[in-house]
Amino acid sequence: MSWKMIYKDNVWQKEGNLLEVIKKEGLGGIILGAKIDGKLSDLNIVPKDGSIVELLDWSTPEGRDIYRHTSAHILAHAVKELFPEVKLGIGPAIEDGFYYDFYRNEPFTQEDLLRIENKMREIISQNLSIERFELPREEALELLKELKEEFKIELLDEIPEGEKISFYRQGNFIDLCRGPHLPFTGMVRAFKLINVSGAYWRGNEKNPMFQRIYGTSFLTQEELDKYLEEREEAQRRDHRKLGKELGIFDTFEEAGPGLIFYPPKGAMLRLLIEDFERREHLKRGYLPVITPHLMQAELWKRSGHWDNYRENMFFLEVEDKAYAVKPMNCPGHILIYKSTIRSYRDLPLRFFEMGTVYRYERSGVLYGLERARGFTQDDAHIFCTQEQLEEEIKNVLDFVFYMLRSFGLKDYIITLSTKPEKYIGSDEIWEKATLALRNALESVGVEYQIAEGEGAFYGPKIDVGLKGLLGKVWQGPTIQVDFNLPERFDLTYDAPDGTKKRPVMIHRAILGSYERFIGILIEHYGGRFPLWIAPIQVRILPIADRHVEYAYYVLRSLEEKDIRGEIDLDQAKLNYKIRKAISEKIPYIFIVGDKEKEEGKVSVRTHTRDLGMFNLEDVIGKLMKEIRDKKLFDGGFEDD
RNA sequence: GCCGGUGUAGCUCAGCGGUAGAGCAGCCGAUUCGUAAUCGGCAUGUCGCCGGUUCGAAUCCGGCCUCCGGCUCCA
């Protein structure tokens, strides 16, 4: 009756109860669960003869999940003790913690949460043993009826025939659950309930709404505190707060929700990004186009947006004609394509537009710059032959990664979405297009995941999700192959053999939208932008009035080289001006006093430290280089 | 859109039935200053909006709106 136990670099041959063995080895409280022959398991069991038992501790994702899943059970246990009328939903571990869904008419208040936390502490200090038991379906149903857990009965119905039906019990709390769990409630040492929010039962908005209590737990209080501090730090970087503080963007209640305004600094930042991107497009053979924001409804009927996207569009009527504000730029570009006869010699044809679109997003989904009702896409539509598809996609991908690199973004998730159940176009063309996307990804050599069946009905696509704060991912770059619109608009080109052929269309955005991208940048840099896109690059601080004249001389010298500077004329002490410049996250601070004036120098500092005194020309040269190189490090040119 | 929370000066917040306050920012004055907050004075408001209760509402009640936490959605 012996089995093999593996932990870190150790291998043992053991027998008997796993939990006992772990205790004897001095690993009690460290080992949270086990993988027996590759399957997750509780600890309080006797492994089968000859099995291989891998021990899981906090350093493994599975170990953390077990710990937090048990935390969720303790939460549910506490809630049932305090509010016996509550019905249980589900309660899994998630990325940074856990949640449990409860059905209850009364909302949980902040005070309730504190009471629940206290009850949880009680349950933990009782150190109840957590036991698994399995029941035949009939008996499981009886038990759940007895417990009056109607939602759990719904879950039971969906457990496939032949699969074991397991329950977990701690004290008088019983829950239908696959497990595994910690062996004792006392093993959860540090936890915190974070908040309550609504969540539809089983994620369907037609179902009743549950109250979801989110929490997190860690092995030690120190780790928990650290996590909570990180959350607070993340909130300080939140683009919605920081972006407004720094004057990057604003919204106004009287203008309407989800409509973005750019004050001067934000507008400067955006223009700098646009300028850079515009030049890159022209270098890469894109042709600029500009299309109206308003087009007649008829056009949107032909494009299919009327049928498929109407509830997200803004409409208006003028002279008995219905118009729609564009939610997308494609129909406009298509009209330009169709305005003349196109030859195969014209292809690929790449139309680029910084196209501002408006989408009527449901009120609850708006989120600062990341999800707005009006935004500007760096949009292009490439019309090409099937043969050109792969090469074009490859070029777009290169472009995408070049841009992300330029802005210093490295955290992204790439997804290739393939043919869904409902689709148009032949299987051959789908296969070809999907292969083209895949080949392009392979040739660039990036990691990507495949979302089987997640493509649009009109074609497969590549999406790049950019990581924001607190695990949020926002779709930025996208490359979508489209077989539908060329069909609907009867797009053609003249082939070498004189026949009319249908082009393929690629919709693509490099950054996604300027709004969303700027939101990501604010959070990525905490408002401390690389020099080349910083709205104000240098703030000049004259020490006393007699240095103002020289400060202007310095400013003019900067302006001559297109460096964006300004002078702080406040009648304040140097310390105060420095503090102000740092809090405004201005990359370089030039201090000018008697010494500097006399010698034609400036003293330079960043938000962290004094870099010393330099000849004005030398500093300007260094800054110009930093701007030209789009340098990302913001610790100052001293660190070259 | 749904569930819950929230809204007072430009910002951060106090006041919670008797008619609006602090700090910072702003303005005025003094100070002319060397690497993260100089001192003094002044002014600041449809207390989110609409309606109701009350002798009296920022405060209590109802509706609407914004924003926040989620869910759903995201061609």
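Every chain is numbered from 1, with letters handed out A, B, ... down the list of sequences. These numbers come from a predicted model, not from an experiment.
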Checklist entry - Which is true for A:Glu596 with a 4.0 Å heavy-atom rule: it touches a base, it touches only sugar-phosphate, or it touches nothing? => result base

Next on the checklist: Check the phosphate of B:C74 against A:Tyr360, side-chain N and O only, distance under 4.0 Å to OP1 or OP2. Yes or no?
Outcome noted: no

Next on the checklist: For the P atoms, the ones on B:G5 and on B:G63, what distance do you get once it is rounded to whole angstrom?
Outcome noted: 13 Å

Checklist entry - C1' atom, B:G48 versus B:U66: distance in rounded Å? => result 7 Å

Item to check | Proximity to the side chain of A:Lys595 - top-ranked nucleotide from B:U12, B:C73, B:G34 | outcome: B:G34

Checklist entry - C1' atom, B:A22 versus B:U54: distance in rounded Å? => result 31 Å

Item to check | Residue met sooner reading RNA chain B from 5', once A:Leu366 and A:Asp610 are mapped to nucleotides | outcome: A:Asp610

Checklist entry - Using a cut-off of 4.0 Å on non-hydrogen atoms, how would the nucleic acid contact of A:Tyr309 be classed: base, sugar-phosphate, or nothing? => result sugar-phosphate

Item to check | Spacing of the C1' atoms in B:G45 and B:G26 (rounded, Å) | outcome: 15 Å

Next on the checklist: Using OP1 and OP2 only, check whether a side-chain N or O of A:Arg546 sits under 4.0 Å from B:C33.
Outcome noted: yes

Next on the checklist: Nearest to the A:Asn575 side chain among B:U66, B:U35, B:C3, which nucleotide is it?
Outcome noted: B:U35

Next on the checklist: At 4.0 Å (heavy atoms only), tell me whether A:Gly203 reaches a base, stays on the sugar-phosphate, or touches nothing.
Outcome noted: sugar-phosphate

Item to check | C1'-based separation of B:U19 from B:A25 [nearest Å] | outcome: 28 Å

Item to check | A:Phe261 and A:Phe252 aromatic ring geometry - parallel, tilted or perpendicular at 30°/60° bounds | outcome: perpendicular

Checklist entry - Would you call the rings of A:Phe218 and A:Tyr227 parallel, tilted or perpendicular if under 30° counts as parallel and over 60° as perpendicular? => result tilted

Next on the checklist: With rounding to the closest Å, how many angstrom separate the P atoms on B:U12 and B:U8?
Outcome noted: 8 Å

Checklist entry - Should A:Arg236 be listed as having a side-chain N or O under 4.0 Å from OP1 or OP2 of B:U12? => result no

Look for any protein N or O under 3.5 Å of an N or O in nucleotides 23-29 of chain B and output each such pair with its distance, or none.
| residue | atom | partner | partner atom | Å |
| --- | --- | --- | --- | --- |
| B:A25 | OP1 | A:Tyr576 | OH | 2.6 |

Checklist entry - What's the OH-C1' distance between A:Tyr214 and B:G5, to the nearest Å? => result 15 Å

Item to check | Nearest to side-chain heavy atoms of A:Ala544, which nucleotide of B:U32, B:G1, B:A36 | outcome: B:U32

Checklist entry - At under 4.0 Å, does any side-chain N or O of A:Arg579 touch on OP1 or OP2 of B:U35? => result no

Next on the checklist: Tell me every residue that passes side-chain hydrogen bond (donor to acceptor under 3.5 Å, both in side chains) with A:Glu158, counting only those two or more places apart in sequence or in another chain.
Outcome noted: A:Arg202

Next on the checklist: Please determine whether a side-chain nitrogen or oxygen atom of A:Asn195 lies at a distance below 4.0 Å from atom OP1 or OP2 of B:G70.
Outcome noted: no

Next on the checklist: Using the C1' atom as the point on both nucleotides, what is the distance between B:G21 and B:A43, in whole Å?
Outcome noted: 15 Å

Item to check | Where A:Arg508 and A:Asp379 come nearest, the two heavy atoms and their spacing | outcome: O-OD1, 3.3 Å

Next on the checklist: Taking the C1' atom in each of B:G23 and B:C65, what is the distance between them to the nearest angstrom?
Outcome noted: 30 Å

Next on the checklist: Would you say the rings of A:Phe457 and A:Tyr423 are close, in the sense that their centroids are separated by under 6.0 Å?
Outcome noted: no

Checklist entry - Could you state the CZ-P distance from A:Arg516 to B:C74, rounded to the nearest angstrom? => result 13 Å

Next on the checklist: By the 4.0 Å heavy-atom rule, please label A:Ser603 as base, sugar-phosphate, or nothing.
Outcome noted: base

Checklist entry - Looking at A:Tyr458 versus A:Phe483, is the centre-to-centre ring distance below 6.0 Å? => result no

Next on the checklist: Any base atoms under 4.0 Å from A:Lys244, or only sugar-phosphate, or nothing? Heavy atoms, all strands.
Outcome noted: nothing

Checklist entry - Closest approach of A:Pro587 and A:Phe529, non-hydrogen atoms and distance? => result CG-O, 4.4 Å

Item to check | Secondary-structure notation, RNA chain B, from Watson-Crick and G-U pairs under 3.5 angstrom (| other strand) | outcome: (((((.(..((((....[..)))).(((((.......))))).....(((((..]....)))))).)))))....

Next on the checklist: Apply salt bridge (charged side-chain N to carboxylate O under 4.0 Å, His left out) to residues A:Arg502 and A:Glu487 and explain how you reach the verdict.
Outcome noted: CA-CA 8 Å; A:Arg502 185 130 293 161; A:Glu487 204 68 46; 2.9 Å; yes

Next on the checklist: Reading RNA chain B from 5' onward, which residue's closest nucleotide shows up sooner: A:Ser303 or A:Glu245?
Outcome noted: A:Glu245

Checklist entry - Do the ring planes of A:Tyr553 and A:Tyr550 sit parallel (below 30°), tilted (30 to 60°) or perpendicular (above 60°)? => result parallel

Next on the checklist: For A:Phe489, I'd like to know if atom CZ has over 12 heavy atoms of other residues, nucleotides or ligands within 6.0 Å.
Outcome noted: yes

Checklist entry - Does the side chain to side chain contact (heavy atoms under 4.5 Å, CB included) test come out yes or no for A:Leu397 and A:Ile479, once each step is laid out? => result CA-CA 8 Å; A:Leu397 266 185; A:Ile479 306 171; 3.8 Å; yes

